[in-house]
> 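Sending over a structure as structure tokens; questions will come in a sec.
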Amino acid sequence: MEKITMTTPLVEMDGDEMTRILWKMIKDELLLPYIDLKTEYYDLGLEHRNETDDQVTMDSAEATRKYGVAVKCATITPNAARMTEYNLKEMWKSPNGTIRAALDGTVFRAPIVVKGIEPCVRNWEKPITLARHAYGDVYKNTEIKVPGPGRAELVFTAEDGTQIRETIHNFTGAGILQGIHNMDESIASFARACFNFALDTKQDLWFATKDTISKKYDHNFKDIFQEIYDAEYKERFDAAGIEYFYTLIDDAVARVMKAKGGFIWACKNYDGDVMSDMVSSAFGSLAMMTSVLVSPGGVYEYEAAHGTVQRHYYKHLKGEETSTNSVATIFAWTGALRKRGELDDNQALMAFADKLERATVQTIEAGKMTKDLALITSLQDVTVLNSEEFIKAIRETFEQIM
């Protein structure tokens, strides 16, 4: 068949470890044979981020703003062990956090549902979409290791020089401090993104924080959501027959476990990070979760919700066989290609993305899958494939569909 042409490039952000290996396999087997793939490439592997003092991450975010659509491989957020392993200049911040802050978007994550992979929570019948705020909090924090006794203060200095001061703690010995922030403008963008997504998908919207403890910080989120809902969205929600409600994060967790699904759960940045992993695992696998960052200006960045699969990468380096699930990474590519096709009115590119997703699901439902799914499937006599075999099996199914 003639290759599908692209008129506008995607921003391609390469990553780390096992997902970087899968990234190349997916391109070689599932994309390049069928598409005249145009991308503006950025290497967000930890070594290159270190070489460029993390400037490459900011450059990739700017390119995403320019072209409108990006696809990102999983990347390492370094800790102390990684500092030594990669001989880093400093402990670089999360690339995802940097990109989220630069684009000021909201992350929507939803499980990829296939027959034979039943949720651990028996009453879940429909996907649960996690809407994660994409700015601030712990991902944009400032930290201090306190060496000894002293007083820690929170100080805000206004442009006119006036100050607001609050004592955080009187230390009697060594300890730690963390300062986090958020902005009303970003919270409002988050709220509107969630309300619009709920209307577009005709789903109820839940929002949860811990305002009983955080009476200013978390309560501000609650108030902004309610003000915008009452002023701009209540009548539209009523007309659509959907509901918005606020509850405490611990109450939301209890409600989610008893719900049937089919709704959007909006969370602050860290809550969304953790809860999306919980929901995806309960639906089957961390590698069975779509993730897209949507900015207020209509910029889209697609990625897998999971990490770099470090344990499998070390096995791969030893020459050992791995059976790593590549579904979420494939769906990151298909999501980005579909959106690129939508924005460029490229029907062939959109159809390609739909067919590749269908081929991926059909491969699993035919009993060909990676080890993580084989351990939890209700299908009988399944075939466990290694990382490369699974991607090639998807290509065979795709060829049949085409």
Side-chain angles (χ1 to χ4, degrees), residues 1-49 51-52 54-76 95-96 98-100 102-103 105 107 290-295 297-306 308 326-357 359-360 388 391 394-395 398 402:
M1 59 176 283
E2 186 177 343
K3 286 189 177 184
I4 298 167
T5 59
M6 293 176 61
T7 54
T8 311
L10 288 173
V11 176
E12 178 186 352
M13 307 174 187
D14 211 342
D16 287 299
E17 298 188 318
M18 197 62 208
T19 45
R20 188 182 182 99
I21 304 298
L22 296 176
W23 194 260
K24 186 177 186 305
M25 289 182 189
I26 290 166
K27 288 178 66 177
D28 289 346
E29 289 289 335
L30 302 179
L31 303 180
L32 293 175
Y34 310 103
I35 305 173
D36 183 15
L37 192 64
K38 289 182 171 61
T39 70
E40 184 161 309
Y41 179 85
Y42 293 86
D43 184 359
L44 266 57
L46 185 53
E47 291 169 329
H48 192 239
R49 278 184 275 146
E51 290 171 5
T52 64
D54 209 30
Q55 182 62 40
V56 66
T57 305
M58 288 304 303
D59 292 345
S60 70
E62 287 302 314
T64 303
R65 187 179 287 111
K66 175 183 176 182
Y67 289 107
V69 184
V71 59
K72 180 182 174 296
C73 184
T75 47
I76 293 170
N96 288 351
T98 299
I99 294 166
R100 288 174 195 134
L103 298 180
V107 178
T290 63
S291 181
V292 56
L293 173 73
V294 184
S295 81
V299 171
Y300 300 81
E301 183 246 308
Y302 294 81
E303 61 179 341
H306 59 72
T308 58
S326 53
V327 171
T329 306
I330 293 169
F331 272 63
W333 272 104
T334 55
L337 290 168
R338 184 186 296 106
K339 180 56 67 175
R340 182 76 278 158
E342 179 185 321
L343 295 177
D344 292 350
D345 194 23
N346 187 334
Q347 297 298 321
L349 198 58
M350 295 168 66
F352 172 86
D354 291 342
K355 290 173 183 176
L356 183 52
E357 287 184 2
T360 303
E388 186 174 2
I391 291 172
I394 293 171
R395 180 171 179 176
F398 179 74
M402 295 295 287

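Start at 1 with the first residue, then count along the sequence.
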> How many angstroms lie between atom CD of Glu301 and atom CD1 of Ile99, to the nearest 0.5 angstrom?
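Answer for the CD-CD1 pair, Glu301 versus Ile99, is 5.0 Å.
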
> Among residues at least two apart in sequence or on other chains, which ones pass ring pair (Phe, Tyr, Trp, His ring centres under 6.0 Å) with Tyr300?
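Residues passing ring pair (Phe, Tyr, Trp, His ring centres under 6.0 Å) with Tyr300: none at all.
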
> Going by heavy atoms in the side chains, are Ile35 and Leu337 under 4.5 Å from each other?
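When only atoms from C-beta onward are counted, Leu337 and Ile35 do touch, with a gap below 4.5 Å.
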
> Could you check Val294 against Leu103 for side-chain contact (heavy atoms from CB on, under 4.5 Å), going step by step and ending with a plain yes or no?
CA-CA 8 Å; Val294 184; Leu103 298 180; over 6 Å; no

> Among residues at least two apart in sequence or on other chains, which ones pass salt bridge (Lys or Arg N to Asp or Glu O under 4.0 Å) with Asp54?
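Partners of Asp54 under the salt bridge (Lys or Arg N to Asp or Glu O under 4.0 Å) test: none.
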
> Check side chain to side chain contact (heavy atoms under 4.5 Å, CB included) between Ala304 and all other residues, then give those that pass, not counting sequence neighbours.
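Counting only residues at least two positions away or on another chain, Ala304 forms a side chain to side chain contact (heavy atoms under 4.5 Å, CB included) with His306, Ala328, Thr329.
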
> Under 4.5 Å between any side-chain heavy atoms of Ile26 and Ile391, yes or no?
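Yes, at least one pair of side-chain atoms sits under 4.5 Å.
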
> Once rounded to the nearest 0.5 Å, what's the spacing between atom CD1 of Ile4 and atom CG of Leu37?
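Separation between the atoms: 10.5 Å.
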
> Trp23: what forms a side chain to side chain donor-acceptor pair (under 3.5 Å) with it, not counting sequence neighbours?
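Side chain to side chain donor-acceptor pair (under 3.5 Å) check on Trp23 returns Glu12.
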
> Under 4.5 Å between any side-chain heavy atoms of Thr290 and Tyr302, yes or no?
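SC-SC contact between Thr290 and Tyr302 ruled out.
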
> Taking only residues two or more places apart in sequence or in another chain, which ones pass salt bridge (Lys or Arg N to Asp or Glu O under 4.0 Å) with Glu62?
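Salt bridge (Lys or Arg N to Asp or Glu O under 4.0 Å) check on Glu62 returns Arg65.
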
> Quick one: pull up CZ in Arg338 and CZ in Phe352 and give me the separation to the nearest 0.5 Å.
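With rounding to 0.5 Å, CZ (Arg338) is 11.0 Å from CZ (Phe352).
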
> With rounding to the nearest 0.5 Å, note down the distance linking CE in Met25 to CD1 in Ile330.
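Result: 11.0 Å between the selected atoms.
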
> Answer yes or no: are there more than 12 heavy-atom neighbours, outside Gln55 itself, under 6.0 Å from its atom CD?
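More than 12 heavy atoms, drawn from other residues, nucleotides or ligands, come within 6.0 Å of this atom.
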
> Take Thr5 and Leu349 through the test side-chain contact (heavy atoms from CB on, under 4.5 Å) and record every step on the way to the result.
CA-CA 8 Å; Thr5 59; Leu349 198 58; over 6 Å; no

> Can a donor-acceptor pair be found, under 3.5 Å and without considering hydrogens, that links the side chain of Asp16 to the backbone of Leu46?
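Yes, because the side chain of Asp16 sits within donor-acceptor range (under 3.5 Å) of the backbone of Leu46.
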
> Output the distance between atom OG1 (Thr39) and atom CG (Leu10), rounded to the nearest 0.5 Å.
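One finds 7.0 Å between OG1 of Thr39 and CG of Leu10.
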
> I need the minimum non-hydrogen distance between Gly15 and Cys73, along with the two atoms involved.
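Closest approach of Gly15 to Cys73: N-CB, 3.4 Å.
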
> Among residues at least two apart in sequence or on other chains, which ones pass side chain to side chain donor-acceptor pair (under 3.5 Å) with Thr334?
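If we apply the side chain to side chain donor-acceptor pair (under 3.5 Å) test to Thr334, skipping adjacent residues, the hits are Glu357.
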
> Tell me, do Asp14 and Lys72 make a side-chain contact under 4.5 Å, heavy atoms counted?
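No, too far: nothing below the 4.5 Å cut-off.
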
> How long is the gap from OG1 on Thr75 to CE on Met13, to the nearest 0.5 Å?
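Taking OG1 in Thr75 and CE in Met13, the distance rounds to 9.5 Å.
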
> State plainly whether the residues Asp43 and Arg20 are in salt-bridge range, i.e. N to O under 4.0 Å.
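Here Asp43 pairs with Arg20 in a salt bridge, since their nearest N and O are under 4.0 Å apart.
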
> Sequence neighbours left out, what passes salt bridge (Lys or Arg N to Asp or Glu O under 4.0 Å) with Lys3? Give chain and number order.
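Lys3 satisfies salt bridge (Lys or Arg N to Asp or Glu O under 4.0 Å) with no other residue.
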
> Under the criterion side-chain contact (heavy atoms from CB on, under 4.5 Å), I'd like the reasoning laid out for Met58 against Thr98: C-alpha separation, chi angles, the key distance, then a yes or no.
CA-CA 7 Å; Met58 288 304 303; Thr98 299; 3.4 Å; yes

> Which residues pass the side chain to side chain contact (heavy atoms under 4.5 Å, CB included) test with Ala305, not counting sequence neighbours?
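Applying side chain to side chain contact (heavy atoms under 4.5 Å, CB included) to Ala305 gives Arg109, Met289, Ser291.
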
> Restricting to side chain to side chain contact (heavy atoms under 4.5 Å, CB included), what partner residues turn up for Gln347, sequence neighbours left out?
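Gln347 satisfies side chain to side chain contact (heavy atoms under 4.5 Å, CB included) with Asp345, Met350 once adjacent residues are dropped.
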
> Nearest heavy-atom pair of Ala63 and Glu40: which atoms, and what distance?
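For Ala63 versus Glu40, the nearest heavy atoms are CB-OE2, 3.8 Å.
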
> Side chains of Asp344 and Thr8: donor-acceptor distance under 3.5 Å anywhere?
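On atom types as modelled, these side chains qualify, holding a pair under 3.5 Å.
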
> Measure centre to centre between the rings of Tyr34 and Phe398, then say whether the value is under 6.0 Å.
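Here the rings of Phe398 and Tyr34 have centres that are less than 6.0 Å from each other.
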
> Which residues pass the side chain to side chain donor-acceptor pair (under 3.5 Å) test with Glu388, not counting sequence neighbours?
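By the side chain to side chain donor-acceptor pair (under 3.5 Å) rule, Glu388 matches Lys392.
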
> Just do the side-chain contact (heavy atoms from CB on, under 4.5 Å) check on Thr64 and Leu293 with the steps written out, would you?
CA-CA 11 Å; Thr64 303; Leu293 173 73; over 6 Å; no

> Is it true that, when you exclude Lys24 itself, more than 12 heavy atoms of the residues, nucleotides or ligands shown sit nearer than 6.0 Å to its NZ?
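No, because the 6.0 Å sphere around NZ of Lys24 holds 12 heavy atoms or fewer from other groups.
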
> Please list, chain by chain and in numerical order, all residues satisfying salt bridge (Lys or Arg N to Asp or Glu O under 4.0 Å) with Glu29, sequence neighbours excluded.
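Scan of Glu29 (salt bridge (Lys or Arg N to Asp or Glu O under 4.0 Å), adjacent residues dropped) gives Arg395.
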
> Taking side chain to side chain contact (heavy atoms under 4.5 Å, CB included) as the test, write out the residues that go with Val56, two or more places apart.
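If we apply the side chain to side chain contact (heavy atoms under 4.5 Å, CB included) test to Val56, skipping adjacent residues, the hits are Tyr42, Leu44, His48, Arg49, Thr52.
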
